[in-house]
Amino acid sequence: MGTKPAVGIPKWRHIFIASAEGNHIIDLTKTVEALNEALDFLSQTAASGKQVLLVSTKRQAKDKIKEVALATGMPYVNERWLGGMLTNQATIGGRIKHLKDLETKMVTGELAAKYSKLEVQRFQEEIDAMNILYAVLKIWLPNLAPCLW
């Protein structure tokens, strides 16, 4: 188990035991210690009532992340990670506002009164696509904002 030496990160050198056949050999005992420290930190954070953002876009873990997040009441991202999701509050907030506006106009019938059936269908497709990306953030962004920005 290891990584190519050219890809190694200098501050991780203490984790590597040796190099063999062009790969770093990772000290798994140090990895387990670091994972236990991370688990302690997450346990303390959750116990103090703070939110923990759960993220996994891998197919194998998408369903499990969603299940754990819903069971614990934590926010999660299991679809495509959007650039600037945590750091660019203005853009992400603007997209979420646009999504909410479109949903409101769709429910009230404002879009149906103003546009043709085809255009309304395209708006609905846009809403569906945006809900895949932003649905969880639409709910959790106001709660995460004080923690992140």
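Keep in mind that this is a model prediction, so the values were computed, not measured.
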Electrostatic pair Asp101-Lys105, nearest N-O below 4.0 angstrom: no
Note: Glu79-Lys62 ion pair, threshold 4.0 Å (strictly below): yes
Assess whether side-chain contact (heavy atoms from CB on, under 4.5 Å) is satisfied between His98 and Glu126, documenting all intermediate values. CA-CA 11 Å; His98 177 64; Glu126 181 181 357; 3.1 Å; yes
Once rounded to the nearest 0.5 Å, what's the spacing between atom [atom1] of [X] and atom [atom2] of [Y]?
X	Y	atom1	atom2	value
Met130	Glu103	CE	CD	8.5 Å
Ser116	Gln121	OG	CD	9.5 Å
Leu111	Ile127	CG	CD1	6.5 Å
Asn36	Ser43	CG	OG	10.0 Å
Trp81	Thr57	CH2	OG1	9.5 Å
Asp63	Asn78	CG	CG	7.5 Å

Does the side chain of [X] reach to within under 4.5 Å of the side chain of [Y], using non-hydrogen atoms?
X	Y	answer
Val55	Ile65	no
Tyr76	Val68	no
Lys66	Leu54	no
Phe123	Leu102	yes

Within the side chain of Gln44, is there an N or O that forms a donor-acceptor pair under 3.5 Å with the backbone of Phe41? no
Apply salt bridge (Lys or Arg N to Asp or Glu O under 4.0 Å) to the pair Glu33 and Lys30, showing each step before the final yes or no. CA-CA 5 Å; Glu33 291 171 10; Lys30 290 183 181 178; over 6 Å; no
Same apolar cluster (I L V M F W Y, side chains within < 4.5 Å links), Leu42/Leu70: yes
Heavy-atom pair with the smallest gap, counting every atom of Pro75 and Gln51: CD-OE1, 2.9 Å
Using every non-hydrogen atom in the two residues, find where Arg80 and Leu133 come nearest and quote the distance to one decimal. CB-CD2, 3.9 Å
